[in-house]
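Residue numbers run from 1 in the order of the sequence given. Any value given below was found using the heavy atoms of this structure, including those in side chains, with hydrogens, waters and symmetry copies removed. Every value quoted in this text rests on a predicted model; they were computed, and no experiment measured them. Each ligand, and each atom within it, is numbered from 1 in the order the structure gives.
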Amino acid sequence: MSPVALSNLVALAVSASLAAAQITGTFPATPLASKGPFAYPTGIPYKVDTDVGLIRGTQIGYNICNTTTEGQQSLCQTSFLNSLDDFCLWAPPEMGREVGDIEGSMIAWCTKPGHGTRLIPDGALHGVQFTKTPDYVQVVGFIDQTKINILEGDFGGEMDPHGADLRGNPMGGIVFTNQFGGNFIQGIEWHNFMGSNTFCFKVCDPAGPSAADYCEHIFDRIGCAYNAPNNARNGTFESCDGESQDFPGIYTSNGQVLTYTQPPETLGPITTIPYTARVPASSNCREFESAAIYTGLPSASVSTTATSGTAAPTNGSGSTSRSTTGTSTATGTADGANASTDAAGTIAISGAATFLGVIFSALFLS
Ligand SMILES: *[C@@H]1O[C@H](CO)[C@@H](O)[C@H](O)[C@H]1NC(C)=O
Ligand SMILES: *[C@@H]1O[C@H](CO)[C@@H](O)[C@H](O)[C@H]1NC(C)=O
Ligand SMILES: *[C@@H]1O[C@H](CO)[C@@H](O)[C@H](O)[C@H]1NC(C)=O
């Protein structure tokens, strides 16, 4: 791991260490979160990260993505979060290393052809909740992460446009959405947790008053339940409206508004957190069958299985066959009313357990 692949906690100390770091050539002239907003699509540079000679090397991929780059070899690092059936996740270009070690090199894997990216293989998604609130859009879900090159059992980590050295994870990664006004605009503040066969990805309205707070990036060790509290259920694909959550790390106890401080990794795994994040109400949820909304995805067999080094991914062009195995059974009630007794409740509980696994995992590196 490179010296700058430190915990996001380092970001808290950035102001103190900035001067020294600049002397050693660690920081870019312009942090990723201060680049743009780029006009879509004509204002996007080939590579957003043009910094050379810094410790983490150069941006692995590119940001101009089109039909030429589309396919399972794409190194596109321009991502989208538009809707339940049209979003991307950050995942590795090849199998073999833990997310925490390669957050800077993640690329876009999308649910829909047309963005010039890789496609999440058919059947990999097991349940997704898309939520739009006055302040952000968010997808939270369940995925077979091995189908997007994340190792079995990997607790994963957080991607965001900050990182200890301010070049972002992934370096040069940018995100667009058409959910704030209709046209594609760059979501300056966003975060995406990947791991434990779960994910959450939130893009904050750049025109909103608190985008950086809702898309806070410093709570990288406490996972989706605290950074994107949600009602997502495994086996259910739904699109909802919602109220906005509390800012990550901010909670109310006995009428007092308190701020959680994430302990440094040197103190070991996080075993207790003094609060449970409030799950904001969702409404107007519409359920879908996955086979009806995720069309045009390649079969899982074309996902890459390269194991090391610079091995080229397999050529994924051509196949659009979809498996028909039952990943789309949307069990359960929309409101979870019978959650303690029916099958959906069992599934929901196992989902919660998984998020706890994310919460208490030890290694979320920035
Ligand atoms: C398509 O994307 C590639 C890679 O970024 C770029 O080199 C090429 O100019 C793009 N083509 C068009 C027509 O924009
Ligand atoms: C979600 O459900 C699928 C199908 O039942 C199961 O294989 C998978 O392990 C579940 N995922 C999680 C994260 O619980
Ligand atoms: C991938 O397949 C396409 C379509 O057959 C072909 O045009 C392209 O050259 C192939 N790329 C590689 C790297 O083999």
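- V52 belongs to no hydrophobic cluster with other residues, because no ILVMFWY side-chain heavy atom falls under 4.5 Å from its own, directly or through intermediates.
- The side chain of T69, and not its backbone, has at least one atom closer than 4.0 Å to an atom of ligand 1 (non-hydrogen atoms only; side chain from C-beta on).
- The pair K132-D241 does not count as a salt bridge, with every side-chain nitrogen at least 4.0 angstrom from each carboxylate oxygen.
- The side-chain contact (heavy atoms from CB on, under 4.5 Å) test with D135 singles out one residue from F180, F247, Y214, and that residue is Y214.
- Comparing R233, H126, Q145 by heavy-atom distance to atom 6 (C) of ligand 2, the nearest is H126.
- Of the charged side-chain nitrogens involved, none lies within less than 4.0 Å of a carboxylate oxygen, so that E103 and R56 do not count as a salt-bridged pair.
- Considering backbone and side-chain atoms alike, S196 places every N or O at 3.5 Å or more from each N or O of ligand 2.
- Among protein heavy atoms, the minimum distance from atom 4 (C) of ligand 1 is reached at I64 O, 3.4 Å.
- Looking at K47, its side chain does come within 3.5 Å of a backbone N or O of Q59 through a donor-acceptor pair.
- Across D144, L125, N234, heavy-atom proximity to atom 12 (C) of ligand 2 is greatest for N234.
- Under the 4.0 Å criterion applied to side-chain N and carboxylate O atoms, R167 and D49 are assigned as salt-bridge partners.
- For R118 and E70, the salt-bridge test fails: no basic side-chain N is under 4.0 Å from an acidic carboxylate O.
- Considering backbone and side-chain atoms together, Y46 places no N or O closer than 3.5 Å to any N or O of ligand 1.
- Distance from atom 10 (C) of ligand 1 to its nearest protein heavy atom, with residue and atom name: N66 ND2, 2.4 Å.
- Residue-ligand proximity, F142 to ligand 2, at heavy-atom distances under 4.0 Å covers atoms 12 (C), 13 (C).
- Within ligand 2, the atoms closer than 4.0 Å to a non-hydrogen atom of N197 are 13 (C), numbered from 1 in the order shown.
- Within a 4.0 Å radius of atom 2 (O) of ligand 1, the protein contributes one or more non-hydrogen atoms.
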